[in-house]
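Here the structure comes first, spelled out in structure tokens, and everything after it is commentary.
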Protein chains: 2
Amino acid sequence: MLTPLRKGSDYHHGDLRDAVIRVARDLVASEGVSSLGIRRVALRVNVTPAALYRHFESLEQLRGEVSGRVRNEMAEMMILAREKVGPATLSKTRSRARFAAIGDAYVAYARKFPRLFEIAFLTCDALPETGESLAWRTLEESLEELIKSGLLERRKSLKAATLAWSSIHGLASLVASQTISNKEYPLFRKSVLDGVQDAVFAR
Amino acid sequence: MLTPLRKGSDYHHGDLRDAVIRVARDLVASEGVSSLGIRRVALRVNVTPAALYRHFESLEQLRGEVSGRVRNEMAEMMILAREKVGPATLSKTRSRARFAAIGDAYVAYARKFPRLFEIAFLTCDALPETGESLAWRTLEESLEELIKSGLLERRKSLKAATLAWSSIHGLASLVASQTISNKEYPLFRKSVLDGVQDAVFAR
DNA sequence: TAATAATGTAAACAATGTTAACACCTCTGC
DNA sequence: GCAGAGGTGTTAACATTGTTTACATTATTA
């Protein structure tokens with residue numbers, strides 16, 4: 001327990017809104033999106049249900065907020081994984097490995113937190129206005145590295161980005177929804193990764 | 001109205017179970033998966049809520065049943081689209097067109113019925129025992145055609161199938177969840193289709 | 001035709017999202 | 001310092017939901 005949710009006998013919470021989203025995220029992660037509810041979250045945050053309506057218009061909006069937070073979390077995981085292989089250089093193998101890392105992190109997240117991945121891409125009537133996603137920008141950065149290290153022609157870059165995202169996302173989605181099992185996964189993984197690399201890297 | 005839901009003053013319905021799934025499907029299609037409810041469906045079928053529990057254990061199971069029906073519906077659309085380009089022959093262009101048709105039908109369905117596509121791939125605790133999916137078998141058939149017409153080596157066939165499905169599914173999923181807009185769609189579509197064809201067809 | 005199973009209804013239950021009226025806390029302007 | 005105003009929590013209620021239990025009606029079968 002990092003910080004107590006309520007400091008002593010405070011009437012005010014201090015930072016409800018954020019605590020609510022955090023707890024909601026954890027609830028979805030462990031019990032699924034259909035278990036996310038105003039009252040259940042309120043209980044865990046040790047607050048009255050009505051209090052949540054000071055910070056969220058509806059359950060639907062809270063769901064959207066969780067969805068947005070998860071998408072950011074995913075992107076941060078991707079960035080972390082990329083940094084872990086080493087800082088960006090002009091080395092071909094380096095930038096190639098960094099590119100592979102973000103794709104791997106994407107589907108690794110879906111495998112580790114399938115319920116979170118699910119809520120991240122649910123059609124949401126009330127999603128927080130997000131410009132270009134962090135994940136997409138991260139992908140673009142990696143492609144830029146590939147261009148600078150001479151592995152990718154600039155004119156092919158956009159096409160590479162869209163194909164890479166689609167196939168990686170498809171793999172992640174099929175895994176998260178258990179449409180493909182853990183046993184089938186390695187084959188799918190190899191096919192997709194090879195396919196993406198074949199398409200991205202000029203031969 | 002094709003068939004009246006209740007024949008005259010019948011106490012018994014005749015074929016509730018099926019009528020329920022049909023109505024549930026339409027409800028999801030028009031108002032989204034979170035609007036699917038026992039009472040709402042019961043009302044539309046002109047039946048008491050408790051009646052549904054003679055045919056389904058829970059709302060969760062009904063959701064699973066709808067999900068299964070939609071997956072079948074998708075596969076039927078794919079088969080229909082494939083037949084529409086013409087019967088299977090050994091012609092290279094023919095089998096190639098038939099292969100493209102099923103991929104196009106897949107994402108076309110997701111574009112036309114995003115809410116149905118969504119429920120089709122929701123993680124479902126109670127999904128009806130389905131062996132190999134009809135869609136997957138349809139894909140395998142098309143790959144077999146490609147092999148027989150000399151466009152694809154048999155040893156590459158499984159890899160081709162997994163890559164094709166992942167990327168097409170990813171494209172469909174990103175479209176259905178509105179992660180990519182209608183404006184961005186054409187570019188994504190071209191990238192994915194080209195990428196799949198490059199990977200599938202030996203060069 | 002009488003018993004039995006299948007399938008519907010009626011009424012109740014606890015739990016849910018949401019709202020309105022009220023209480024407390026914190027801050028600003030004098 | 002302090003009065004009031006706005007922000008943030010509580011309490012109590014409401015309509016609606018999934019689900020169960022007891023009962024009524026129809027269909028099936030021996």
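A note on names: the letters A, B, ... follow the listed sequences, proteins ahead of strands, and every chain is numbered from 1. We use all heavy atoms of the structure for the numbers below, so side chains are in, but hydrogens, waters and symmetry mates are not.
Taking atom CD of residue B:Q61 and atom C1' of nucleotide D:dT19, one finds them 14 Å apart after rounding to whole Å. As rounded to whole Å, 16 Å separates atom C1' of D:dT26 from atom CG of B:D15. Straight-line distance from the CG atom of B:L52 to the P atom of C:dT9: 10 Å, rounded to whole Å. As a whole-Å value, the separation of A:E57 CD from C:dT19 P is 9 Å. The CD-P distance, from B:E60 to D:dT17, rounds to 18 Å in whole Å.
Listed by chain and number, the residues in a ring pair (Phe, Tyr, Trp, His ring centres under 6.0 Å) with B:Y109 are B:F113 (sequence neighbours excluded).
With salt bridges taken as basic N to acidic carboxylate O contacts below 4.0 Å, one links B:R22 and B:D18. Between A:E76 and A:R71 no salt bridge is recorded (no basic side-chain N to carboxylate O distance below 4.0 Å).
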Under-3.5 Å N/O pairs linking protein and nucleotides 15-17 of chain C:
from	atom 1	to	atom 2	distance (Å)
C:dG17	OP1	A:I38	N	2.9
C:dG17	OP2	A:I38	N	3.2
C:dG17	OP2	A:R39	N	3.0
C:dG17	N7	A:R39	NH1	2.5
C:dG17	O6	A:R39	NH1	2.9

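Close to C:dA6, at under 4.0 Å from its OP1 or OP2, lies no side-chain N or O of B:H55.
Ring pair A:W136/A:W165 is tilted by interplanar angle, where 30° to 60° counts as tilted. Note: A:Y106 and A:F117 have perpendicular aromatic rings, judged against thresholds of 30 and 60 degrees for the angle between ring planes.
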Cut-off 3.5 Å, no hydrogens considered: what does the side-chain donor-acceptor table look like for residues 181-192 of chain B, sequence neighbours left out?
from	atom 1	to	atom 2	distance (Å)
B:S181	OG	B:K183	N	3.4
B:S181	OG	B:E184	N	3.3
B:S181	OG	B:E184	OE1	3.3
B:N182	OD1	B:R111	NH1	3.3
B:E184	OE1	B:S181	N	2.8
B:R189	NH1	B:D104	OD1	2.4
B:R189	NH1	B:D104	OD2	3.3
B:K190	NZ	B:D194	OD2	2.7
B:S191	OG	A:T162	OG1	2.7
B:S191	OG	B:L187	O	3.0

